[in-house]
There are 2 protein chains.
Amino acid sequence: MITKESIFESHLKTKGLKLTPQRKAILEEVFASHEHFDIEELFANLRNKGKRISRATIYRTLPLLVESNLIKEAFRYQDKVSYEHIFGHGHHDHLLCIKCGRIIEFMDEKIEELQEAVCKKYGFKPTEHRLGIKGYCKKCISHE
Amino acid sequence: MITKESIFESHLKTKGLKLTPQRKAILEEVFASHEHFDIEELFANLRNKGKRISRATIYRTLPLLVESNLIKEAFRYQDKVSYEHIFGHGHHDHLLCIKCGRIIEFMDEKIEELQEAVCKKYGFKPTEHRLGIKGYCKKCISHE
DNA sequence: ATTTTAGTTGAGAATGAGTCGCAATTAAAA
DNA sequence: TTTTAATTGCGACTCATTCTCAACTAAAAT
């Protein structure tokens with residue numbers, strides 16, 4: 001069975017790296033919720049569970065999770081990078097409320113196709129794409 | 001006649017600010033080429049033309065140009081923010097080659113419409129959207 | 001004309017996210 | 001048991017960006 005642990009471990013193996021307790025703890029914490037998260041939150045959550053893992057280790061581990069295709073950088077908001085899961089989640093884009101910070105995920109197959117078509121037109125081989133729409137969510141419009 | 005100067009000046013006026021020589025020089029330099037630029041480049045270009053304007057002033061001025069709707073943040077690449085013109089240029093999105101750094105601008109009316117539709121669906125009032133596709137450009141694919 | 005008032009600037013200090021060097025630690029392989 | 005190589009935490013460091021502040025406009029008020 002393919003689990004996030006097995007994916008992570010095999011990626012580490014290809015780089016001659018080990019699945020240490022710290023890396024395992026970070027992996028678990030990352031997948032402990034389904035929310036977007038940033039590094040500072042992750043650090044704090046680990047602390048709250050008594051895991052004293054240094055920021056440096058977290059900063060070193062997240063790129064490994066990204067390379068493993070388990071998570072990805074989702075967007076930036078107020079100069080912080082937010083990450084989200086890939087494992088167990090389909091691709092989607094984001095609406096981001098600039099007033100309350102709410103994040104709405106959406107997925108539009110037609111938009112995806114059109115993006116493909118654009119790439120084809122320019123002979124471009126995409127590896128990643130990101131569509132982010134900033135504005136005001138329903139609640140924040142009505143409370144204005 | 002509406003010029004970038006008049007737009008900038010009237011925006012400044014609404015905030016009780018003045019169009020100083022420094023701000024004017026920055027405005028001109030920003031529009032001196034049609035390329036994307038980052039702050040360090042702008043600073044260097046001004047220096048090369050003998051204008052010794054401090055980084056602080058540039059950092060203070062760019063947000064004013066953004067508020068004036070003359071320029072906008074286009075994308076981030078290697079932790080640098082790239083800006084581009086709005087004045088005199090239609091909206092477009094970007095293909096960014098992660099090998100050679102080439103930027104291809106594109107615009108797809110259909111994608112724009114679909115984004116509008118998504119916003120409508122969620123009762124979301126968009127103020128800005130950004131679609132960036134990273135990958136390999138034509139040249140970099142064939143040279144691999 | 002002189003003074004007030006308020007915005008502006010440059011220099012450098014301060015901030016803060018992210019990175020790096022290093023000595024101590026761990027664990028697998030020999 | 002020894003060797004070897006990866007790993008960790010700490011704190012120093014970097015680098016973009018922001019802030020502070022004293023000196024400097026320039027327009028408005030007197």
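Reminder, nothing fancy here: chain letters follow the sequence lines and each chain counts from 1. A quick note: this is a predicted structure, and the numbers were derived from the prediction, not measured.
Only Arg52(A), Ile53(A), Ser54(A), Ala56(A), Thr57(A), listed by number, bring a heavy atom of residues 45-59 of chain A to less than 4.0 angstrom from any atom of DNA chain D.
When each of Lys18(B) and Lys80(B) is assigned the nucleotide of DNA chain D bearing its nearest heavy atom, the one mapping closer to the 5' terminus is Lys80(B). Residues Lys15(B) and Glu40(A) each lie close to DNA chain C; by heavy-atom proximity, the contact nearer the 5' end of the strand is made by Lys15(B). Taking for each of Arg60(B) and Gly16(B) the nucleotide of DNA chain C with the nearest heavy atom, the 5'-most of the two is the partner of Gly16(B).
Of the candidates Leu42(B), Leu65(B), Leu70(B), Val66(B), Tyr83(B) forms a side-chain contact (heavy atoms from CB on, under 4.5 Å) with just one, namely Val66(B).
Distances shorter than 4.0 Å separate none of the side-chain N or O atoms of Thr20(B) from OP1 or OP2 on dG7(C).
Looking only at atom types and distance, the side chain of His92(B) has a donor-acceptor partner in the side chain of Glu84(B) under 3.5 Å away. In this model, no donor atom of one side chain and acceptor atom of the other lie less than 3.5 Å apart for Glu105(A) and His89(A).
Here the P atom of nucleotide dA17(C) and the CG atom of Leu42(A) are 15 Å apart, to the nearest Å. A straight line from OH of Tyr77(B) to P of dA16(D) spans 16 Å, rounded to a whole angstrom. Rounded to whole angstrom, the span from the CZ atom of Arg76(B) across to the C1' atom of dC15(D) amounts to 14 Å. What separates CG of Asp79(B) from C1' of dG16(C) is a distance of 13 Å, to the nearest Å. Look at NZ on Lys24(A): it is 13 Å from P on dT8(D), rounded to the nearest Å. Between Glu9(B) atom CD and dA27(D) atom P there is a gap of 11 Å when expressed in whole angstrom units. Note: CZ (Phe43(B)) to C1' (dA16(D)) measures 13 Å, nearest angstrom. In this structure, CG of Leu12(B) is placed 15 Å from C1' of dA26(D), rounded to the nearest angstrom.
Lys80(A) and Glu40(A) are not joined by a salt bridge, as no carboxylate oxygen comes within less than 4.0 angstrom of a charged side-chain nitrogen.
Residue pairs meeting the side chain to side chain donor-acceptor pair (under 3.5 Å) criterion with at least one member in residues 59-73 of chain B, sequence neighbours excluded: His11(B)-Glu67(B), Lys15(B)-Glu67(B), Glu73(B)-Arg130(B).
Distance from the side chain of Leu17(B) is smallest for dG7(C) among the nucleotides dT8(D), dG7(C), dG18(C).
Classification of the Phe87(A)-Phe31(A) ring pair by plane angle, with boundaries at 30° and 60°, yields perpendicular.
Here the closest non-hydrogen pair linking His91(B) and Met107(B) is O-SD, 3.5 Å.
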